[in-house]
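For reference, the structure is listed below as structure tokens.
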Amino acid sequence: MSKMLVKNIGMLATPKGTGVKRGAAQGEIEVLRGAWVLIEDGVIAAVGTQTPPAAPEIVDAGGKLVTPGLVDAHTHLIFGGWRQNELGLKLHGASYLDIQNAGGGIQSTTNATRAATEGELAAKAAKALDEMLRFGTTTCEAKSGYGLATEHELKALRVIRELDECHPIDLVATFMGAHLVPAEYKHDRAEYVRLVCEEMIPLVHEQGIAQFCDVFCEADTFTVEESRAILEAGLKYGLRPKIHADEIEAIGGSVLAGELHAISAEHLIVCPPEGIESMAKGGVIACLLPATSFNLGAVFAPARDMVNAGVPVAMATDFNPGSCPCLNMQFVINLGCLKYKLTPEEVLTAVTLNAAAAIDLADKVGSVEPGKLGDLVVWDAPDLDYICYRVGSNLAETVIKRGRVV
Ligand code: NIG
Ligand code: FE
């Protein structure tokens, strides 16, 4: 049996429980001073503040802050190329949709992703995962969605599965064949929707390589009715719905999320009151992506209204080569406080337990409690406020995944 003791913890800050936290409960975390955590065979065995037990492997936290490992519940990890060429276009006033409609954006990344081999995509994504781990992310969701053809969507999902097996970060896969209608179907969108529903989804199910189905419900991508058809097809094959909603225009995606009882709705930058109401009723988690607002120069999602309405708020990076080339959850934490005006306690819950719930893993990760995986971050920080306040440095000092220093 492997045993690791993390001792001399100045502040242990963690949400508690195996389910999502909403409303006032989002800000109710446990704070222990002078604590220790015992991890046995990769799983937390005990947490205490009295005399610590003996263990062969000791990590001395040096009186610093310890939190659960961060959970990045929304990334587009698998892609070929980058899109730094779009920066100049943006600086000259082109909008995200202008660039997309001119053949840039998701379509150009799709071309690069189709041209890449499985090995090339895996090597590139592994490098990103290494960096995420250094910033404190220990669990991550990853979407397909730059293949937009059956063989290339399946290729991306296979890469996610391979990385889950060989990289310390645990990965959860989402099928997002409905990220954009690809160029070759521009004049027959109904046929592309049919392909997603009748060919891709059944194959994804048969191969057991994704848990969730996501759709980019937006003006110029998929309408509410197309999104409904795709998410319902996914549900028939056991893929739980997620939805990119209200990122640029509020066309009804968040209302649909509530109607379908989606596990989460993402972005929600311009979410209207009826969307918040529908999500509250449908038990939908709002997965907010503040680094995308930052990169798009957009407004920030109405996070406080969501908390007040009892919608659980999670936060993630949205790491992708276009709207958010950022994989640093610490920056997301900063923006959660500074732009959403959430408290450090609410933000901690958003990037740990609620993020875990948004990918159906709240029983395994997202808090420091017996029975959860031994995923911890020792921060170069005296307390929780400090990591919310410092910007631009990497404060993750020691990252522990399943009871191993990584
Ligand atoms: O979440 N909104 C859709 N997908 C990504 C952007 C993808 C891209 O620009 O390549 C997002 O913002
Ligand atoms: Fe996204």
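Both counts, for ligands and for their atoms, begin at 1 and track the order of listing.
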task = Using the six-membered ring wherever Trp is involved, compare the ring planes of F331 and F294 and label them parallel, tilted or perpendicular (cut-offs 30° and 60°).
result = perpendicular
remark   = For atom 11 (C) of ligand 1, the closest protein heavy atom turns out to be D318 OD2, 3.2 Å
key: M200 and L157, any side-chain heavy atoms less than 4.5 Å apart   = no
inquiry  = To the nearest 0.5 Å, what is the distance between NE2 on H74 and SG on C324?
reply    = 9.0 Å
task = Among all protein heavy atoms, pick out the one at the shortest distance from atom 4 (N) of ligand 1; state its residue, atom name and that distance to 0.1 Å.
result = H179 NE2, 2.7 Å
remark   = The atoms of ligand 1 lying under 4.0 Å from a heavy atom of H244, numbered in the order shown, are 1 (O), 2 (N), 3 (C)
query = Does some non-hydrogen atom of N320 fall short of 4.0 Å from ligand 1?
reply = yes
query = Are side-chain heavy atoms of D220 and E249 found at a separation under 4.5 Å?
reply = no
key: Whether H267 lies under 4.0 Å from ligand 1, heavy atom   = yes
inquiry  = If only side-chain N and O atoms count, and only distance matters, is there a donor-acceptor pair under 3.5 Å linking K401 with T138?
reply    = no
request  = Evaluate the side-chain proximity of Y146 to I78: yes if any heavy-atom separation is below 4.5 Å, no if none is.
outcome  = no
Closest approach of P312 to K21 (non-hydrogen atoms, all atoms of both residues) = CB-O, 3.5 Å
query = Between H76, R83, E247, Q100, which one has a non-hydrogen atom sitting closest to atom 2 (N) of ligand 1?
reply = E247
inquiry  = Which label fits H76 and H179: parallel for a plane angle under 30°, tilted from 30 to 60°, or perpendicular past 60°?
reply    = parallel
remark   = Here the N/O/S atom of H244 closest to the Fe ion (ligand 2) would be NE2
remark   = The protein heavy atom nearest to atom 9 (O) of ligand 1 is Y96 OH, 2.6 Å
request  = Please report which non-hydrogen protein atom sits nearest to atom 12 (O) of ligand 1, along with the residue it belongs to and the distance in Å to one decimal place.
outcome  = S323 OG, 2.5 Å
remark   = Restricting D318 to its N/O/S atoms, the closest one to the Fe ion (ligand 2) is OD1
ask   = Of all the non-hydrogen atoms in the protein, which one sits nearest to atom 10 (O) of ligand 1, and at what distance?
value = Y146 OH, 2.6 Å
